[in-house]
A.B. asks: 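Here you go, one structure.
So you know, we letter chains A, B, ... as the sequences are listed, proteins then strands, and number each from 1.
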There are 2 protein chains.
Amino acid sequence: MASSAPKYDVFQAIADPTRRRLLQLLVEQEMPVTVISGHFPISRTAVSKHLRILAEAGLVQERKVGRETRYRMQPEPLRELKQWLAYYEQFWDNKLAALAHYIEHQDSEGMVDRVPKIVKQERETKGK
Amino acid sequence: MASSAPKYDVFQAIADPTRRRLLQLLVEQEMPVTVISGHFPISRTAVSKHLRILAEAGLVQERKVGRETRYRMQPEPLRELKQWLAYYEQFWDNKLAALAHYIEHQDSEGMVDRVPKIVKQERETKGK
DNA sequence: ATATTACGACACCATTTGGTTTCGTGTCAA
DNA sequence: TTGACACGAAACCAAATGGTGTCGTAATAT
């Protein structure tokens, strides 16, 4: 219920290649819809819909300027992704540092149901 | 044709919450399909289809043992995600370290068309 | 005042997606 | 051998997704 309630899913938002290219385009610059859609082979309306999905995921911010709406990327929600990744990082290297970092940053955000807090599956989980 | 030809998309593979839970379940243990599907409210066949998608993305590995097929997570393909993320990390902190890390690891994989090599978008909206 | 531009809201459409049930086949157990 | 089990394949379905074109309205330009 905090102000930044991401009602759409970050994982889903970045699943689409067009949306990833949108982020890439808007990461450094704010741009109005028409200009943005000039960079894509699809219609302005289609771009608009992608932008709305990204906005709902918190990945872009919109700002009205006169008759245009300018969009810009907002990278913060990617933190959630990073945390999710951090959990798995320990498994592809033997990097203890990764695990340490993971533990250290566990409760930064509302990630509770997304990534397990190093939880035992109900399986045996005897010592390693 | 290298053994790790990810013909499915990692971004898309992890977009689905069920598939993320599958990864979480299989990250430390190999399991046969029936056991896996016992952890989910959906049918075994549905689970099987998710597993195939994950397998095509290289995120799980299958191994036949007698009449059962055992699956286990393989985290390597997440490297691609990590690299994608690394590019954006520089934008949410002023962390120069992030940028440094990004540059340093730029050509590790075949990511060329996915993340730009610090490219200048055409600038047009000048000033404010 | 009138025309043009920017853009969201709709209505619509084809394809993909996540799910189901049924069936066939290979493997193990009695 | 006969039966039960594990599982993928296939056929099918509803809903979501990514796309289109048209329209209305607010802001700007002539």
A.B. asks: Quick check on DNA chain D: between Ala46(A) and Thr45(B), whose nearest nucleotide comes earlier from the 5' end?
C.D. replies: Thr45(B)

A.B. asks: At what distance, to the nearest 0.5 angstrom, does CD1 of Ile36(A) lie from CZ of Arg21(A)?
C.D. replies: 12.5 Å

A.B. asks: Report, one pair per line, the protein and nucleotides 26-30 of chain D atoms (nitrogen or oxygen only) whose separation is under 3.5 Å.
C.D. replies:
residue : atom : partner  : partner atom : Å
dA27(D) : O3'  : Arg67(A) : N            : 3.4
dA27(D) : N3   : Arg67(A) : NH1          : 3.3

A.B. asks: Let me know the distance between CZ of Arg63(A) and C1' of dC7(C), rounded to the nearest Å.
C.D. replies: 16 Å

A.B. asks: Base, sugar-phosphate, or nothing: which does Arg70(B) touch, judged by heavy atoms less than 4.0 Å apart?
C.D. replies: nothing

A.B. asks: Can you measure Lys64(A) atom NZ to dG8(C) atom P for me and round it to whole angstrom units?
C.D. replies: 7 Å

A.B. asks: In whole Å, I'd like the distance from the CD atom of Glu56(A) to the C1' atom of dG8(C).
C.D. replies: 14 Å

A.B. asks: On the 0 to 90° scale, with breaks at 30° and 60°, tag the Phe91(A)-Tyr87(A) ring pair as parallel, tilted or perpendicular.
C.D. replies: perpendicular

A.B. asks: Quantify the bending of the helix from dA1(C)-dT30(D) to dA30(C)-dT1(D) as the angle between its end axes, each fitted on five pairs, to 10°.
C.D. replies: 20°

A.B. asks: For Gly58(A) versus Pro77(A), what's the shortest heavy-atom pair and its separation?
C.D. replies: O-CG, 3.2 Å

A.B. asks: If I compare all heavy atoms of Ala13(B) with all of Leu59(B), which pair ends up nearest, and what's the gap?
C.D. replies: CB-CD1, 3.9 Å

A.B. asks: Please tell me if Tyr71(A) has a side-chain N or O lying less than 4.0 Å from either OP1 or OP2 of dC7(C).
C.D. replies: no

A.B. asks: Given atom CD1 of Ile36(A) and atom P of dG8(C), what is their separation to the nearest angstrom?
C.D. replies: 9 Å

A.B. asks: Give one of base, sugar-phosphate or nothing for Thr34(A), where a contact means two heavy atoms less than 4.0 Å apart.
C.D. replies: sugar-phosphate

A.B. asks: Calculate the interatomic distance between Arg44(B) atom CZ and dC23(C) atom P; express it in whole Å.
C.D. replies: 14 Å

A.B. asks: Tell me: NZ of Lys49(B) to C1' of dA11(D), nearest whole Å?
C.D. replies: 10 Å

A.B. asks: What's the shortest heavy-atom distance between Ala57(A) and Val10(A), and which atoms?
C.D. replies: O-CG2, 4.1 Å

A.B. asks: Once you round it to whole Å, what is the distance between P of dT16(C) and CZ of Arg19(B)?
C.D. replies: 15 Å

A.B. asks: Could you go through the side-chain contact (heavy atoms from CB on, under 4.5 Å) check for Gln24(B) and Tyr88(A) one step at a time?
C.D. replies: CA-CA 9 Å; Gln24(B) 174 185 322; Tyr88(A) 292 103; 3.4 Å; yes

A.B. asks: Pick base, sugar-phosphate or nothing for Thr69(B), based on heavy-atom distances below 4.0 Å to the nucleic acid.
C.D. replies: sugar-phosphate

A.B. asks: When all nucleic acid strands are considered with a 4.0 Å heavy-atom cut-off, which category describes Gln12(B): base, sugar-phosphate, or nothing?
C.D. replies: sugar-phosphate

A.B. asks: Hey, does the side chain of Ser43(B) come within less than 4.0 Å of dG19(C)'s phosphate (OP1/OP2), counting only N and O?
C.D. replies: no

A.B. asks: Check the distance between dG8(C)'s C1' and Glu62(A)'s CD and give it to me in whole angstrom.
C.D. replies: 10 Å

A.B. asks: Would Leu26(B) and Leu51(B) satisfy side-chain contact (heavy atoms from CB on, under 4.5 Å), going step by step from the backbone distance to the final call?
C.D. replies: CA-CA 11 Å; Leu26(B) 297 172; Leu51(B) 285 170; 3.9 Å; yes

A.B. asks: Check whether Arg19(A) reaches the backbone of Ile14(A) with its side chain - one donor and one acceptor, N or O, closer than 3.5 Å.
C.D. replies: no

A.B. asks: For dG19(C), does either OP1 or OP2 sit under 4.0 Å from a side-chain N or O belonging to His50(B)?
C.D. replies: yes

A.B. asks: For Arg63(B) and Tyr71(B), indicate whether the former's side chain and the latter's backbone hold a donor-acceptor pair under 3.5 Å.
C.D. replies: no

A.B. asks: Does any N or O in the side chain of Arg72(B) come within less than 3.5 Å of the main-chain N or O of Glu28(B), such that one atom is a donor and the other an acceptor?
C.D. replies: yes

A.B. asks: Counting the atoms with a prime plus P, OP1 and OP2 as sugar-phosphate, which does Phe40(A) contact under 4.0 Å by heavy atoms, base, sugar-phosphate, or nothing?
C.D. replies: nothing

